[in-house]
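Written below as structure tokens is the structure these notes are about.
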Amino acid sequence: MLDTLLTQIRKIDKKHQKALKKLGLFTLKDLFFHFPLRYDDFSTISKISNLKREQTATVRGIIQVIENKRTPRKRMIITQALIKDKTGSILAIWFNQPFIARFLRPKTEVLLAGKVGLGISGLQLENPAYEKVKKDQVHVGRIVPVYSVTENLTSKWLRFIIKPLLKYTNQIKDFLSAEIKQNQNLISLPWAIREIHFPTNSFRLKQAKKRLVFDELFLIQLNSLSKRLEWQKNKSYPVKFPKELIKSFVRSLPYKLTDDQKRSAWEIIKDLEKEKPASRLLEGDVGSGKTVVATMAMLEATKAGLQSCLMAPTEILAKQHFETISNLLKKFDSIVGLLTRTDSKIKEKSLSKEISRSQMLSKLEKGKIQVLIGTHALLQEKVKFKDLALVIVDEQHRFGVKQRARLRKINKSGLTPHLLSMTATPIPRTLALSIYGDLDLSIISEMPKGRQKIETQVVSLEDREKTYDFISDQIKKGHQVYVVCPLIEESDKLGVKSATEEYKKLSKKIFPHYKIGLLHGKLKKEEKEKVMSDFAQGKIDILVSTPVIEVGIDVPNVTVMMIEGAERFGLAQLYQFRGRVGRGKAKSYCFLFSDSETEKVRKRLSSLVQAKSGFELAEIDLKMRGPGEVFGLRQWGIPDLKMASLMDAITLKKARDEAKKLLEKEPQLKNFPQLREKLKEFGEMVHLE
Ligand code: ADP
Ligand code: MG
């Protein structure tokens, strides 16, 4: 029954079938789980004599007269009705809906809900929602659901369809155990579904939301925790904490570690001591110093006679990591290797040596290289290690099932490496727990001392010229510039159009005498690398790029970050772009250009001027735009109502605890076939990986 196709329901015609498909609704069950976006509370009935201007009100009365009129000049049809209750009467008017006059005949008792405005003859209800009084109201006189809709499909129509179908909700299987429902004080699923669509009252609506939010978080947690259990069934290398070595490593650094760095390092040290493979996410702003923490962990593995590897998103970044890390490790007797598509070399005590690819592979397999740096592609290749104890991935939040499967086979020994992911995306803890529940989390939120402040400015239209002059001055002084432009059209997924246009504009009109480089998603890998390395070497003055391409290189000579269409980006993302400058000694600048001059945009952008950390910005952004927009969750297919729940810290904790408890008792969920089925369905729906 629940699998009944919507095309088989007689009331749904071809036009509506198509529209439903567009919303991804195919079966009756899909329809039940298409929750309202919001509600109009038309449940409180006001006396007509009490109505006040500007209020939104619901009244109940009898139609006295109703008629259509044509306005003299605008050729618009106005429907006017006089409605009367015991306390008085009021005029209702509708525009261009002449059929209403045929539907609501005089003497009919109706419910109307809408805004009270002022007309020529006094107060009037403007374009009110209407419904005849009946036993069970659908559109007025109750809390009314408002759905997300598309072309050819209205909320009203959906209400009309869904209401009578709700009797079939009794066929929905409730996958939560009675025990959990009782512990958490939750109503049954079929009941919650009925109430979420047509709430009996606001208390029932709250109960329905509570149940559905819990479900969402519970399933997410169950999903990630069972993956975590699965992962932890593997055996890894317990690495003992080499206290003296780490002390001397810390002493060898030209700076003092921040407290956050120390704490994160300690959490990782604890991970490595275990026999179960760790999986941890290290979050920290751009420039917060994650690399040194990662290096410390790799040094530990080296000391234990084991291997480790670090993977970066691009070749250039891999090369940079190779230089930095081999430098940090040079006093500590480790052989560091770099393996990318174009490079294969090792460094031992500051001596660099090119070796062939096959030599490299054989050395790795024999355990003769302790620390390997490469790109994410390393995992796709047939690289084997002798004893790889630790894998670190830079700028990749999450490790998919496939990648984990690969890690299980990467060692000749059969053991699984510990896993550490690093990211500069500042995801608040609650949200991180929601979406990365299978990972442990370490956060570096304080920046090392003495960082220069990057002068940030929201540039208005009239200041554009002036800003170009300023940028030109910077280039004359020998500095370089990044320009990031937004993706404007849906069809321009790779940013070819937007970046190319900006490139043309800058090179033809604005900065014709400077060397300008272009980076977008359509370029071949080698072409991208070439542009980036030219830029790094100073052969290009201005680099125009799309946001898709991480401008993830460290070029200290760049002093200007210019962002076009800044309003189109999330604050956290803008923050990241900005973090690309200010890496050298010279004072650096970030200019935000925006096509929109609205107050809201201005306010949002100027929080970038004030905020102290990426985390602070992420929180502001979350409040303003919600997690769907901020973290692109929408693209992962997590629906709206459910998204709100991702930030619900209290329910999250409860859901996580229940999921843990259940998995401890029943790791395979043997006695919960319905839950197992739901979880499977859920895992397929939410492609978090
Ligand atoms: P990210 O977290 O973005 O990867 P990096 O590890 O590249 O940051 O560090 C950015 C810069 O900060 C590097 O030049 C590094 O040497 C420096 N650094 C790291 N930790 C500290 C610290 N505690 N004090 C001062 N500078 C530091
Ligand atoms: Mg980094």
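We count ligands from 1, going down the list as the structure has it; atoms in each ligand are counted the same way.
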Within-cut-off N or O pair, Gly289 and ligand 1, under 3.5 Å
yes
re atom 17 (C) of ligand 1, the protein heavy-atom contact at minimum distance is Arg451 NH2, 3.4 Å
Take the angle between the ring planes of Phe593 and Phe591 and call it parallel below 30°, perpendicular above 60°, tilted in between.
tilted
Would Ala424 count as a contact residue for ligand 1, given that I'm defining contact as a non-hydrogen atom of the residue lying under 4.0 Å from a ligand atom?
no
Minimum-distance protein heavy atom relative to atom 20 (N) of ligand 1
Gln261 NE2, 3.0 Å
Which residue holds the protein heavy atom closest to atom 3 (O) of ligand 1, what is that atom called, and what is the gap in Å?
Gly287 N, 2.6 Å
Please find the pair of heavy atoms, one from Ala297 and one from Ile268, that lie closest to each other, and give the distance.
CB-CG2, 3.8 Å
Would you call the rings of Tyr482 and Phe535 parallel, tilted or perpendicular, taking 30° and 60° as the class edges?
tilted
Numbered atoms and elements of ligand 1 in range of Asp285, under 4.0 angstrom, heavy atoms
2 (O), 3 (O)
Heavy-atom gap Gly284 to ligand 1 smaller than 4.0 Å:
no
Of the side chain and backbone of Lys256, name the one, both, or neither that has a heavy atom under 4.0 Å from an atom of ligand 1.
backbone
Between the side chains of Asp394 and His321, does any donor sit under 3.5 Å from an acceptor?
yes
For Ser236 and Leu415 the tightest heavy-atom approach is O-CD1, 4.2 Å
Under the 4.0 Å line, does any protein heavy atom show up next to atom 12 (O) of ligand 1?
yes
With heavy-atom distances below 4.0 Å as the criterion, list the atoms of ligand 1 near Thr291.
4 (O), 5 (P), 6 (O), 7 (O)
Between Ile410, Leu388, Val383, which is the residue that forms a side-chain contact (heavy atoms from CB on, under 4.5 Å) with Leu364?
Val383
Here's one to test your reading of the geometry: is the NZ or CZ of Lys347 within 45 degrees of the ring axis of Phe322 and under 6.0 Å from its centre?
yes
Counting only heavy atoms from other residues, nucleotides and ligands, does the tally under 6.0 Å from NZ of Lys525 exceed 12?
yes
Going by the order shown, which atoms of ligand 1 are within less than 4.0 Å of some heavy atom of Thr258?
23 (N)
N or O contact, Lys449 vs ligand 1, cut-off under 3.5 Å
no
Distance to 0.1 Å, residue and atom name: give those for the protein heavy atom nearest to atom 15 (C) of ligand 1.
Tyr255 OH, 4.1 Å
For Lys587, look at atom NZ and say whether over 12 heavy atoms of other residues, nucleotides or ligands are found less than 6.0 Å away.
yes
